[in-house]
**Student:** 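Okay, here's the structure, questions in a sec.
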Amino acid sequence: MKSTIIILSVLAAATAKNISKAEMENLEHWWSYGRSDPVYPSPEISGLGDWQFAYQRAREIVALMTNEEKTNLTFGSSGDTGCSGMISDVPDVDFPGLCLQDAGNGVRGTDMVNAYASGLHVGASWNRQLAYDRAVYMGAEFRHKGVNVLLGPVVGPIGRVATGGRNWEGFTNDPYLAGALVYETTKGIQENVIACTKHFIGNEQETNRNPSGTYNQSVSANIDDKTMHELYLWPFQDSVRAGLGSIMGSYNRVNNSYACKNSKVLNGLLKSELGFQGFVVSDWGGQHTGIASANAGLDMAMPSSTYWEEGLIEAVKNGTVDQSRLDDMATRIIAAWYKYARLDDPGFGMPVSLAEDHELVDARDPAAASTIFQGAVEGHVLVKNENALPLKKPKYISLFGYDGVSTDVNTVGGGFSFFSFDVKAIENKTLISGGGSGTNTPSYVDAPFNAFVAKAREDNTFLSWDFTSAEPVANPASDACIDFINAAASEGYDRPNLADKYSDKLVEAVASQCSNTIVVIHNAGIRLVDNWIEHENVTGVILAHLPGQDTGTSLIEVLYGNQSPSGRLPYTVAKKASDYGGLLWPTEPEGDLDLYFPQSNFTEGVYIDYKYFIQKNITPRYEFGYGLTYTTFDYSELEVDAITNQSYLPPDCTIEEGGAKSLWDIVATVKFTVTNTGDVAAAEVPQLYVGIPNGPPKVLRGFDKKLIHPGQSEEFVFELTRRDLSTWDVVAQNWGLQAGTYQFYVGRSVFDVPLTSALVFTN
Ligand SMILES: *[C@@H]1O[C@H](CO)[C@@H](O)[C@H](O)[C@H]1NC(C)=O
Ligand SMILES: *[C@@H]1O[C@H](CO)[C@@H](O)[C@H](O)[C@H]1NC(C)=O
Ligand SMILES: *[C@@H]1O[C@H](CO)[C@@H](O)[C@H](O)[C@H]1NC(C)=O
Ligand SMILES: *[C@@H]1O[C@H](CO)[C@@H](O)[C@H](O)[C@H]1NC(C)=O
Ligand SMILES: *[C@@H]1O[C@H](CO)[C@@H](O)[C@H](O)[C@H]1NC(C)=O
Ligand SMILES: *[C@@H]1O[C@H](CO)[C@@H](O)[C@H](O)[C@H]1NC(C)=O
Ligand SMILES: *[C@@H]1O[C@H](CO)[C@@H](O)[C@H](O)[C@H]1NC(C)=O
Ligand SMILES: *[C@@H]1O[C@H](CO)[C@@H](O)[C@H](O)[C@H]1NC(C)=O
Ligand SMILES: *[C@@H]1O[C@H](CO)[C@@H](O)[C@H](O)[C@H]1NC(C)=O
């Protein structure tokens with residue numbers, strides 16, 4: 001039914017442009033790849049796991065509601081608050097309504113809140129506990145403002161496209177790492193409010209993400225079933241497993257059918273296979289049809305819905321939407337509210353306009369300060385260090401680069417975003433976040449310059465600075481020259497490059513005069529460094545990501561060695577942009593096809609980022625998992641044990657939240673020891689990569705982070721679940737362990753793996 005609708009609209013568009021019959025047949029050829037199977041009816045919430053109580057309560061409440069009241073729960077109303085989305089109240093059953101608010105890095109559109117490190121920074125930290133703590137404090141701020149639903153975290157995009165404009169909102173382009181961090185983040189947020197993990201699914205580019213004008217329509221992410229499970233769905237699965245209360249349907253199409261009306265995606269993958277108990281809300285403006293979207297599993301449309309406002313009750317009356325579907329939509333919404341976020345006065349702390357006089361609602365908990373600071377510290381990744389760092393009471397430091405200072409920002413006035421939506425290769429200020437709905441107004445910006453001033457006063461260092469010149473003059477007598485550049489990105493745009501010329505020239509200009517040049521890059525995504533990385537005077541480089549408001553002092557913490565750097569790359573830095581091949585740019589419409597919409601064929605399968613580099617035998621500049629510290633670590637005593645020695649385990653396919661119960665059986669353990677053989681304490685992030693038979697040679701399947709003191713050793717134990725060691729079987733429609741030899745690699749990055757072992761699983 002859905003594909004009929006699509007073909008009809010192609011015909012309509014083609015007729016408007018007078019396309020020949022031959023060209024038309026060519027267009028129809030698209031449907032051969034990426035067509036979505038119908039999955040109906042929409043599974044109802046069943047009270048799995050600890051949803052039982054909320055589910056029962058929700059059923060009782062919904063039973064008291066009229067169809068008009070139920071329908072009112074399913075789409076946003078304008079309301080009189082500053083919430084991104086608002087569900088109106090149902091006074092008869094004492095339901096006060098819901099406030100849904102951006103976004104994943106702090107409360108947007110208001111004051112008296114904190115700006116936390118962005119998703120990518122959390123990814124670079126590789127720290128589960130920190131991810132959890134950040135989410136708890138952030139969720140508390142939302143609750144304090146009267147927000148019921150926090151519109152984050154992001155695991156889609158996962159980062160398929162190197163220049164993707166929203167990759168910084170997510171943690172990493174590795175599904176295992178993203179899954180581990182989104183699990184903690186979901187748990188943490190839902191201590192206080194409902195999380196809304198987004199964007200489900202295949203939202204891997206900003207270019208043509210949504211219809212604009214007559215011609216450009218939403219890109220179709222054409223993803224095969226195996227890739228879907230092993231890569232794109234994986235982290236969403238972890239989030240659902242954590243008890244996820246809501247999920248956001250994405251703008252793009254999946255296999256040519258809009259994600260918000262794709263029954264295979266919503267009814268099939270999410271609500272059947274993963275046993276999702278919460279509600280599905282459309283991305284803002286992502287609903288494109290009424291009845292079809294309700295039947296396909298969409299539960300709530302934002303920010304409003306003429307389709308449902310005008311037609312849903314009628315559709316239930318005439319049977320095109322089943323009464324049970326409307327009841328289920330309402331029950332899912334009420335159950336999530338009941339379980340996680342019952343607030344008396346939704347949206348009370350969200351002023352409609354910050355420019356107007358409004359009550360100050362201070363959502364900031366002083367206890368969050370150390371998590372915000374440590375979160376900022378741990379996302380810094382040191383990638384080059386030739387005796388440049390740590391700094392030790394230098395006499396003379398020269399500071400350069402537009403990114404060192406905070407200039408025109410944080411006038412909270414009427415502006416709802418810290419940065420404008422416009423993407424600039426260079427923002428003339430220090431970058432603490434990307435732009436768009438994922439950003440918010442910080443409490444303050446502790447810019448690098450501010451922090452250097454404070455440190456200089458302490459150490460009696462002489463500071464010289466020039467943050468505006470494109471080719472500044474550097475005193476060659478400086479102990480160190482620090483060059484601040486950035487790589488900005490924003491929702492709504494994919495990035496124009498992975499390294500801009502202005503910033504590269506700035507680095508070269510300083511390096512030509514200063515023999516100890518340290519480059520600090522605040523990067524909202526992959527940033528290439530090869531134009532100058534081998535320059536003899538570039539002695540230190542830090543990929544500093546997006547630290548949030550504590551950016552300056554957290555950088556000082558690492559530069560001066562108060563803490564050894566402990567960040568690791570959550571993506572791969574290539575030597576040149578073309579090394580990313582077909583994954584460098586978003587998919588553009590082809591020829592006359594811009595009449596309709598671009599087809600983005602995910603033909604590379606799971607082979608993105610490091611899996612792609614390994615497959616193509618391309619040596620990157622800095623591989624996934626890489627990052628230096630101020631000490632050295634020795635790895636020893638690897639022991640890999642199978643709990644079973646059979647590829648066939650009778651699986652328990654009972655559906656729990658997150659999928660079949662037996663996916664979480666422990667089937668193997670990996671044990672090893674790491675010793676700090678250097679002179680300073682530092683946290684190490686040991687990583688386990690596994691070569692699964694019939695899979696890529698190496699996939700991340702374990703990591704941890706521990707502080708280890710000089711001369712001390714720590715034992716690490718990783719437990720591997722059935723899912724960790726399985727591949728998706730498209731015929732059986734299940735995960736399966738493989739007969740054959742599994743390779744195990746343990747070490748400091750995907751390439752630096754001093755310990756190896758193997759396990760044989762038999763049939
Ligand atoms: C399509 O063709 C018809 C007649 O052949 C013509 O009247 C019309 O202007 C054409 N439309 C476009 C958009 O070229
Ligand atoms: C996507 O796949 C379809 C069907 O195989 C093909 O016709 C089309 O050219 C492909 N598009 C791109 C951009 O590769
Ligand atoms: C998309 O199409 C591919 C290829 O036919 C298929 O394997 C996959 O399951 C489809 N996915 C969805 C969500 O329809
Ligand atoms: C539905 O919501 C609208 C406002 O959005 C309100 O005017 C109307 O009274 C509500 N209907 C019911 C039955 O609550
Ligand atoms: C049922 O009602 C909906 C909403 O008004 C309408 O779009 C649809 O055409 C109707 N279907 C039938 C079979 O009457
Ligand atoms: C940054 O500042 C320089 C010099 O002050 C100016 O020429 C340039 O246009 C600014 N760039 C942006 C993106 O604002
Ligand atoms: C490195 O810095 C020194 C000044 O300390 C300068 O003389 C030299 O030319 C620089 N090297 C390069 C390759 O620019
Ligand atoms: C359509 O998208 C292409 C890029 O994919 C862009 O160059 C063009 O300006 C867009 N057209 C419209 C009308 O938005
Ligand atoms: C599993 O059994 C096979 C065949 O008996 C054997 O070769 C292999 O070493 C065993 N693997 C483990 C981990 O015990």
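Note that the structure is predicted; figures quoted are calculated from it, not measured. Both ligands and their constituent atoms are indexed starting at 1 by order of listing.
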**Student:** Quick check on contacts: which atoms of ligand 2 are under 4.0 angstrom from a heavy atom of Gln599?
**Tutor:** 13 (C)

**Student:** Would you say the side-chain atoms of Thr331 pair up with the backbone N or O of Asp327, donor to acceptor, closer than 3.5 Å?
**Tutor:**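 Pair found, side chain donor or acceptor close to backbone of Asp327.
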
**Student:** Hey, which atoms in ligand 2 end up nearer than 4.0 Å to a heavy atom of Asn601?
**Tutor:** 1 (C), 2 (O), 3 (C), 8 (C), 10 (C), 11 (N), 12 (C), 14 (O)

**Student:** Using a strict 4.0 Å threshold on nitrogen-to-oxygen distance, state whether Arg209 and Glu491 make a salt bridge.
**Tutor:**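 Between Glu491 and Arg209 there is a salt bridge, with a charged N closer than 4.0 Å to a carboxylate O.
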
**Student:** Can you say whether the rings of His288 and Tyr258 are parallel (under 30°), tilted (30 to 60°) or perpendicular (over 60°)?
**Tutor:**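 Geometry flag for Tyr258 against His288: parallel rings.
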
**Student:** Could you list, one pair per line, each nitrogen or oxygen of ligand 5 together with any protein nitrogen or oxygen closer than 3.5 Å, giving atom names and the distance rounded to 0.1 Å?
**Tutor:**
unit_1: ligand 5; atom_1: 2 (O); unit_2: Asn318; atom_2: ND2; d: 2.4
unit_1: ligand 5; atom_1: 11 (N); unit_2: Asn318; atom_2: ND2; d: 3.0
unit_1: ligand 5; atom_1: 14 (O); unit_2: Asn318; atom_2: ND2; d: 3.0

**Student:** When the side chains of residues 278-287 are checked against the rest of the protein, which donor-acceptor pairs come out under 3.5 Å, sequence neighbours left out?
**Tutor:**
unit_1: Ser282; atom_1: OG; unit_2: Met302; atom_2: N; d: 3.0
unit_1: Ser282; atom_1: OG; unit_2: Met302; atom_2: O; d: 3.4
unit_1: Asp283; atom_1: OD1; unit_2: Tyr251; atom_2: OH; d: 3.4
unit_1: Trp284; atom_1: NE1; unit_2: Ser84; atom_2: O; d: 2.7
unit_1: Gln287; atom_1: OE1; unit_2: Ser305; atom_2: OG; d: 2.7
unit_1: Gln287; atom_1: NE2; unit_2: Thr289; atom_2: O; d: 3.4
unit_1: Gln287; atom_1: NE2; unit_2: Ser293; atom_2: OG; d: 3.2

**Student:** Can we say Glu604 and Arg160 salt-bridge, meaning some charged N sits less than 4.0 Å from an Asp/Glu carboxylate O?
**Tutor:** yes

**Student:** If we ignore angles and hydrogens, is there a donor and acceptor under 3.5 Å between the side chains of Gln599 and Asn256?
**Tutor:**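 Distance-only check passes for Gln599 and Asn256.
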
**Student:** Taking 4.0 angstrom as the limit and counting only heavy atoms of Glu69, give me the atoms of ligand 4 inside it, by number and element.
**Tutor:**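 That gives atoms 13 (C), 14 (O) of ligand 4.
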
**Student:** Is the closest N or O pair between Thr587 and ligand 2 shorter than 3.5 Å?
**Tutor:** no

**Student:** Hey, does Asp89 come in under 3.5 Å of ligand 4, counting only N/O atoms on both sides?
**Tutor:** no

**Student:** I want to check a possible cation-pi pair here: Arg57 against Phe53, using under 6.0 Å from ring centre and within 45° of the ring axis as the test.
**Tutor:** no

**Student:** Between Asp328 and Lys70, is the salt bridge (Lys or Arg N to Asp or Glu O under 4.0 Å) condition met? List the steps.
**Tutor:** CA-CA 10 Å; Asp328 183 53; Lys70 291 173 201 168; over 6 Å; no

